[in-house]
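This report concerns only the one structure given below.
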Amino acid sequence: MVYFSPGKMLISHGRAAEQNCLAFLELCNNLPKLSQLHTYILKLGLHSNPLVLTKFASISSGLNAICYASSFLFAPDAKLHLYDTFLFNTVIRAYAETSDLKHSAISYYKAMVKDCILPNKFTYPFVLKACAGLRKLNLGQSLHGSVLKYGFGDDTHVLNTMIHMYCSCPGGIEFARILFEEMPKCDSVSWSAMIGGYAKLGMSIEAVQLFREMQISGVRPDEITMVSVLSACTDLGALDLGKWVSAYIEREKVEKSVELSNALIDMFAKCGDVEEALMLFRDMKDKNIVSWTSLIDGMAMHGRGTEGISLFEEMKSSGIVPDDVSFIGLLTACSHSRLVEEGRRHFDSMTKEYGILPKIEHYGCMVDLLSRAGLIKEALEFVHKMPIKPNPIIWRTLITACRAHGELKLSEKIARKIIKDEPMLESNYVLLSNIYAKMLQWQKKTTIREVMAKKGIRKIPGSTMIELDNQIYEFVAGDKSHIQHSEIYRMVEEIGKKMKMAGYVAATSEVLLDIDDEDKEDVLHWHSEKLAIAFALLKTPPGTSIRIVKNLRVCGDCHSAIKFISKIYNREIVMRDRNRFHHFKNGQCSCTDFW
DNA sequence: ATAGGGTTAG
């Protein structure tokens, strides 16, 4: 234990004072004695000493330290001297790294420039980082101007941070790309920043494309680049590419940080190979809570809820204390596997044993858990009793469950309510329109379509992606853009005939879900997942499994059709939809029709 | 003294 007592400190001067003070600050790390320390530093006249100040700002790494550090700048006898840039940099950095105070970093930067204190090459990475956190494009652009004005337009560190800043600001990605293209020489950080920028925005195709260009460029990707590429693979559901990245990491001996291993686990789980995710996880020496949570989430998505729960218990036994995110994974695992009692119990233990205040996501999981299992009344009561105002996601969860359990009147009522709350959100109308389809009330369905058209709201088209021979193909319903489309459509017809012979009957209410009247006959078989599967049947050897990724939830008709296809063509078909995985095999689906 | 990264309800 270190006790602090300023009175006993040896007050000395000059270099000795500095050394003394630094040593003392080292001792005082983590001690909440900042105000005494502050007095002490002023007494020694060391408040403009850059080394002392940096040390001071870094200890406790908290708000207080930053406030005291910045107060030195305005001490009555503060003198402007050679080190002032350094002083400002210290304060700007401290603020830039404090989540809620990034705007203060900008204020100090502005104050600095106003006082004619020249920024140096260390100033801008800090300032730009703060700007990235604030996500203000126009501020970023003006900082960009200053960077050029002060002559740091060819500093790689500064430019890399600027790419990151542009990628973080809405509407900035194009500016980032221009900057990136114009850079005299890019290093792996530049590439990672740009690839990561695309990946974060969900521009995963661009991220992967850029990674291919990076390989041609000869800059060696490092583990951080790989994390960004993997997150693009995860988004696309591109398992082959993900596997290639994984092999590359082994081959090139890229350092496997915990983050990289976690990204691999997440990729394998979300691209459909949860067994590989599990193996990787078991091989990890240092796991953290993210590793566990990623795998639990993976189990949840694949409907392997019991294993998700065991992992959660195992995590606790290993000494990791669950956090709010891991509870989301656990509760999702329960709801997707109809483990109602387990879900309830864990929800209670979250507050009672771990003191975690449930967030809207946790309530959402519970509403899903109950309503999906058919306990609609209880789910409704739960919504009315919860202490947070239910959000549209909660209402949509209820609507979907009501529809699945035949409570059409109730789902109509809720759907009308959320349209009132969010009149411009397309998915609200689609829900109501689907309810009318199920009620066979075509007139009302048409009216909804007309209302949407009048408001200029368009439905997001369903699309399905498939990865074949290092290419990613995307199909949308009724799509005829593919070169081989006539062959594909013939295949769909053939599949249709075989399915009928096997006893398949189209579920009309579902088939007509999202289709305009004039297209009704045409689109019967043309949902994007059917096109993608027909394509895969044409292009892949018999007996191999087929993996597809859908952007929306699979419709009931496609779900039953794919069951037939898996049997007729003797193929395992793995499908990821918006919510979860379906493994079709021999006429059955792993979700046991519980989705 | 400076830059880029992993899990989050339907």
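Note: hydrogens, waters and symmetry copies are ignored here, and every other heavy atom, side chains too, is used. So you know, we letter chains A, B, ... as the sequences are listed, proteins then strands, and number each from 1.
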Nucleotide nearest [X] when distance is taken to its side chain, options [options]:
{"X": "A:Asn120", "options": "B:dA1, B:dT7, B:dG5", "result": "B:dA1"}
{"X": "A:Phe122", "options": "B:dT2, B:dT8, B:dG5", "result": "B:dT2"}
{"X": "A:Ile394", "options": "B:dT2, B:dA9, B:dA3", "result": "B:dA9"}
{"X": "A:Ser335", "options": "B:dG10, B:dT2, B:dG4", "result": "B:dG10"}
{"X": "A:Val290", "options": "B:dG10, B:dT7, B:dT2", "result": "B:dT7"}
{"X": "A:Phe86", "options": "B:dA3, B:dA1, B:dG5", "result": "B:dA1"}
{"X": "A:Val189", "options": "B:dA3, B:dT7, B:dG10", "result": "B:dA3"}
{"X": "A:Lys270", "options": "B:dG4, B:dA9, B:dT8", "result": "B:dT8"}
{"X": "A:Val325", "options": "B:dT2, B:dT8, B:dG4", "result": "B:dT8"}
{"X": "A:Asn579", "options": "B:dG4, B:dT2, B:dG10", "result": "B:dG10"}

Touch check for [X], heavy atoms < 4.0 angstrom, all strands: base, sugar-phosphate only, or nothing?
{"X": "A:Val367", "value": "nothing"}
{"X": "A:Asp323", "value": "nothing"}
{"X": "A:Lys200", "value": "sugar-phosphate"}
{"X": "A:Thr332", "value": "sugar-phosphate"}
{"X": "A:Asp324", "value": "nothing"}
{"X": "A:Ser261", "value": "nothing"}
{"X": "A:Thr161", "value": "sugar-phosphate"}
{"X": "A:Ser231", "value": "nothing"}
{"X": "A:Arg553", "value": "sugar-phosphate"}

Next on the checklist: side chain to side chain contact (heavy atoms under 4.5 Å, CB included), that's the test. Do A:Phe581 and A:Val274 meet it? Break it down for me.
Outcome noted: CA-CA 10 Å; A:Phe581 274 93; A:Val274 72; over 6 Å; no
If you take atom types as modelled and just measure distance, does the side chain of [X] reach the base of [N] with a donor-acceptor pair under 3.5 Å?
{"X": "A:Ser192", "N": "B:dG4", "value": "yes"}
{"X": "A:Asn391", "N": "B:dA9", "value": "yes"}
{"X": "A:Thr225", "N": "B:dG5", "value": "no"}
{"X": "A:Asn89", "N": "B:dA1", "value": "yes"}

Item to check | Length of the line joining A:Leu264:CG and B:dG5:P, which is rounded to integer Å | outcome: 17 Å
Checklist entry - Rounded to the Å, how far apart are A:Ile328 CD1 and B:dG10 C1'? => result 13 Å
Checklist entry - Is it true that A:His144 and A:Tyr166 have ring centroids separated by less than 6.0 Å? => result yes
Next on the checklist: Is the shortest side-chain heavy-atom distance between A:Phe312 and A:Ser326 below 4.5 Å?
Outcome noted: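 When only atoms from C-beta onward are counted, A:Ser326 and A:Phe312 do touch, with a gap below 4.5 Å.
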Item to check | pair A:Ser257-A:Leu260: side-chain heavy atoms closer than 4.5 Å | outcome: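 Heavy-atom side-chain distance check passes, below 4.5 Å.
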Next on the checklist: Can you tell me if A:Tyr363 is stacked onto the base of B:dA9, using a 5.5 Å centroid cut-off and an angle below 30°?
Outcome noted: no
Item to check | Check ion pair A:Glu174-A:Arg177 (N to O, under 4.0 angstrom) | outcome: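 Salt bridge absent between A:Glu174 and A:Arg177.
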